[in-house]
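Read through the structure below, which is laid out as structure tokens, and then see the notes.
Each chain gets a letter, A, B and so on, in the order its sequence line appears, and its residues count up from 1.
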Amino acid sequence: MYTISQILYKDILAIHSLSVPPGRVTCITGESGTGKTTFLKLLNRLISPDRGEIYFNGTPLSEIDPVILRRQAVMLPQVPPMFAGNVRDNLQIGLFFAGKPPAPEEKMHRMLAQLGLKKELEDDPGKFSGGEKQRLALARVLLADPPVMLLDEPSASLDEGTGHAVISRVVATSREAGKTLVMVTHSLAIAREFADYLVTLKPGRPAGIREAAWTV
Amino acid sequence: MDGIIRLQIWQLAAAYLFVLLLVAIVRGRGIPREREIVIATLRMTLQLILTGYLLIFLFANRHPFFTLLAVVVMQVFAIHNICQRTKVPLSRRLKLIVALSMSLGTLSSTFYFILVVIALVPWYEPRYFIPIAGMLIGNSMTGISLGVNRLAEGMRSQRHLVEAALMLGATPRGATRSIVDHAFDAAILPTINSMVGMGIVFLPGMMTGQILSGVSPVTAIQYQIAIMLGITGSVALTVILFVQLGYQTFFNREQQLEAE
């Protein structure tokens, strides 16, 4: 899906060579400040490397329209913001941004239920807890149904049990649909349980530049 | 007697009593504004005296070059004023968009007004062209100043929302739509409000000036309605150009948010 060759981003991240295989679950781990979020942003082309190239299905990212790429490879930030409006608006806006038709009510209800979010479509997400907001944002990504999902600590605001259940559901959905899932997690337990491939970003060579260790 | 009360120097001097009243109030309340009030009063007086002599020259030397030069000077001053008055630092690209929007919006509105609405012959007649252009430029300046502040502030405070929208596959246009709409709304609201209160809450300066100088109130009102509509159009055109082009300056060619 992604092939990374000799990339450098500021003094935050340097990767010599790395592949993210299609249709599999790749987990990214590493200490704080090792560039995990930066790595996802590079894959989403929210930022571009200072040097080197990232390929998406064999085509350099620099040759793909950024909006088209982001609709194929949707990213979920670690602290996802809520958009204006109620739960329904916050679910539908993902489809609107992706240029897709609105989802039926029944599908939205099913998505919330899958993630254990007991909320009505008319509820105000501004009053939700951090964990509820994170699950709503995750439901927004799942509803958009992209072939690639780039998730930054999707269970960070959830307790251990809920986090495990949510990740388990997302991974199962992803595997059933043959999606590519790239997930940053600080939890080695989650990475070991769900990852087909594990990438560990380590603080490394000169001046804080990080390099990736590749584990199968 | 032509019906006009010509002000004597002492009468004009008597009007400055209002400024003295303001100075007395701020001094009495300990508000440190005396210096600004005095400077503002002096600037207003000097600028208007100079403008008066300049207009005498322009009216006596009717030529397209002089008329257009006067408009260019007003335009440059207005653009400079907008860039100076914003509360947030503006990028060079955004300043260029301010200049482009002001120039395109106000000039097209002015020429439409001059050539179509009042069908002025010759089109460069300074007695009409300069005050009309001045009113359109001045009001557009106020509108775009509000728009600039709202847009820049919105892009700063809602950066995380814009970024989250981009992550979901939004175009920069889609990701900033709400910020752009709010900036446009804030910029045109004062113009809409002034239309609501016009003739009841206050009598506008141009109409008052015409009536004081002996023009029939009906003619003055006709001109005021036309100029108010012209101002509305000019503000709307200038601000929509600005916000539609302005949001793009916050993104690079790769449709990524520019670094703060």
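- Contacts of residues 147-166 of chain B with chain A at a heavy-atom distance below 4.5 Å involve H160(B), L161(B), E163(B), A164(B), A165(B), L166(B), listed in sequence order.
- A side-chain donor-acceptor contact under 3.5 Å links R70(A) to the backbone of R45(A).
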Worksheet entry | Verdict with reasoning, D89(A) to R140(A), per salt bridge (Lys or Arg N to Asp or Glu O under 4.0 Å) | CA-CA 10 Å; D89(A) 300 326; R140(A) 182 162 59 208; over 6 Å; no
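- If you measure heavy-atom distances from A144(A) to chain B, you find no contacts under 4.5 Å at all.
- Here F83(A) and F97(A) bring their ring centres to under 6.0 angstrom of each other.
- Within the 4.5 Å cutoff, the side chain of R173(B) has heavy atoms near those of the Y247(B) side chain.
- At a cut-off of 3.5 Å, with distance as the only test, a side-chain donor of D159(A) or T162(A) sits close to an acceptor on the other residue.
- The candidate with the highest count of non-hydrogen atom pairs below 4.5 Å against chain B, out of L61(A), V67(A), L40(A), is V67(A).
- Note: F129(B) and F111(B) meet the aromatic proximity criterion, with ring centroids under 6.0 Å apart.
- Considering only heavy atoms from C-beta on, L107(B) comes within 4.5 Å of Q75(B) through its side chain.
- Neither the backbone nor the side chain of P80(A) comes within less than 4.5 Å of any heavy atom of chain B.
- Contact count versus chain B (heavy atoms, under 4.5 Å) is highest, among N44(A), L46(A), V74(A), for L46(A).
- Two residues are said to be in side-chain contact when any heavy atoms from C-beta on lie closer than 4.5 Å; L95(A) and I93(A) fail this criterion.
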